[in-house]
Amino acid sequence: KKISDILQKSGPKPGVPADLQNLLTQHFGENRSVIEIEELKLSDSCFLPANDLTHSFSSYLKEICPKWAKLQRSHREKKSVVMLVLCSSALRSLELIKSMTAFKGDCRVIKLFAKHIKIKEQMNMLEKGVFHIGVGTPGRVKALVEQDVLCLNSTKYMILDWNWRDQKLRRMMDIPEVSYKYLYVLYSVYSLLLSVVLRSWSVKVSFC
């Protein structure tokens, strides 16, 4: 069966922590030891409530980030963002950037995708300026993280565009090439969580 045929029969439903944990276990299970897999597991306290599909993107962000204005004012680090939003494509990233107008206020948003934007341009922007929100695709985020241009140690929120489906009814995690790069980014976040701050890191993951 085609994945589109299967998905067409299933209605949209909010993501839950178990979805992400199971995905990581399946992906890394063959190449990691039991101990390493166990270390990848996060408690439910690391996850914010998912969008129940009744919120717009802006209203959802306002609900899960009630102290955003304070976080925005205090953030002064270059090469980093407070909130990282991961989407399946550049077009979807642009849609979310436009839809968060009521939430973002005066903060600076950087586009982290490849379409019409060269990676060197994004590297220069990150190195020279301060940005509060990064919205983009796992592939470009992966490349920037690998080159140490995008640092995740200041990231407080990781928003996963989990429920949105493209014209073929595929979610982000149903597209193999996107899924691989997406999991790489998550693994980078998890590695930072384990090696730098020993599970006390304040990053919160949520499904929009």
Side-chain angles (χ1 to χ4, degrees), residues 14-15 20 46-51 55-164 172 178 181-182 184-186 188-190 192-193 197 201-208:
L20 187 59
C46 291
F47 294 85
L48 292 167
N51 187 349
H55 283 282
S56 67
F57 191 47
S58 278
S59 66
Y60 174 64
L61 293 180
K62 286 181 178 179
E63 181 173 298
I64 64 172
C65 312
K67 297 182 179 179
W68 174 253
K70 182 179 180 180
L71 285 172
Q72 176 189 324
R73 287 194 300 269
S74 62
H75 179 64
R76 290 186 166 80
E77 291 188 38
K78 297 178 181 179
K79 299 172 63 175
S80 182
V81 292
V82 181
M83 178 184 292
L84 180 62
V85 183
L86 293 178
C87 313
S88 59
S89 68
L91 290 177
R92 177 59 179 167
S93 299
L94 290 173
E95 286 181 13
L96 289 183
I97 291 172
K98 291 178 181 178
S99 67
M100 68 167 63
T101 304
F103 166 78
K104 65 182 182 181
D106 298 327
C107 76
R108 299 185 68 194
V109 179
I110 183 169
K111 300 171 184 176
L112 301 175
F113 49 78
K115 191 171 185 178
H116 304 311
I117 305 177
K118 294 181 179 179
I119 191 169
K120 289 186 178 180
E121 181 182 344
Q122 291 165 334
M123 292 169 67
N124 289 333
M125 292 173 68
L126 286 166
E127 290 173 345
K128 295 179 180 179
V130 175
F131 292 89
H132 306 91
I133 301 176
V135 184
T137 57
R140 180 48 58 93
V141 172
K142 174 180 179 290
L144 292 168
V145 169
E146 283 180 329
Q147 297 188 44
D148 294 325
V149 180
L150 178 62
C151 302
L152 302 174
N153 56 326
S154 295
T155 302
K156 302 295 182 184
Y157 295 91
M158 177 176 284
I159 312 298
L160 313 178
D161 190 25
W162 190 269
N163 298 309
W164 183 81
M172 175 167 59
V178 173
K181 294 170 183 175
Y182 164 82
Y184 174 91
V185 175
L186 284 178
S188 298
V189 172
Y190 277 34
L192 183 67
L193 173 68
V197 282
W201 196 31
S202 58
V203 68
K204 298 293 182 180
V205 179
S206 63
F207 304 89
C208 70

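These numbers come from the heavy atoms of this one structure, side chains and all, not from hydrogens, waters or symmetry mates.
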Is the side chain of [X] donor-acceptor paired with the backbone N or O of [Y] at a distance under 3.5 Å, no angle test?
X	Y	value
Ser74	Lys70	yes
Ser58	Ser99	yes
His75	Phe131	yes
Thr137	Ser89	no
Glu127	Val149	no

Heavy-atom pair with the smallest gap, counting every atom of [X] and [Y]:
X	Y	answer
Gly136	Ser93	CA-OG, 3.6 Å
Gly129	Arg108	CA-NH1, 4.1 Å
Arg140	Ile117	NH1-O, 3.2 Å
Ile64	Pro49	CG2-O, 4.1 Å
Cys65	Met83	SG-CE, 3.5 Å

Can you tell which of Lys79, Glu77, Lys78 makes a side chain to side chain donor-acceptor pair (under 3.5 Å) with Ser154?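 With Ser154 as partner, side chain to side chain donor-acceptor pair (under 3.5 Å) holds for just one option, Glu77.
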Nearest 0.5 Å please: distance from the [atom1] atom of [X] over to the [atom2] atom of [Y].
X	Y	atom1	atom2	answer
Thr155	Ile133	OG1	CD1	11.5 Å
Lys142	Leu86	NZ	CG	13.5 Å
His132	Lys156	NE2	NZ	13.5 Å
Ser88	Leu160	OG	CG	12.0 Å
Leu126	Leu150	CG	CG	6.0 Å
Asp161	Leu96	CG	CG	5.0 Å

With side-chain contact (heavy atoms from CB on, under 4.5 Å) as the test, pick out the partner of Phe57 among Ile159, Ile97, Thr101.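 One option only clears the test, and that one is Ile159.
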Could you check Val81, Val85, Leu71 and say which one makes a side-chain contact (heavy atoms from CB on, under 4.5 Å) with Tyr157? Leu71
Using side-chain contact (heavy atoms from CB on, under 4.5 Å) as the criterion, list what pairs up with Glu95, not counting sequence neighbours. Arg92, Trp164
By the ring pair (Phe, Tyr, Trp, His ring centres under 6.0 Å) test, which pairs, at least two apart or in different chains, include something from residues 98-122? Trp68-Phe103
Between Leu94 and Lys115, is any pair of side-chain heavy atoms under 4.5 Å apart?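 Leu94 does not reach Lys115 side chain to side chain.
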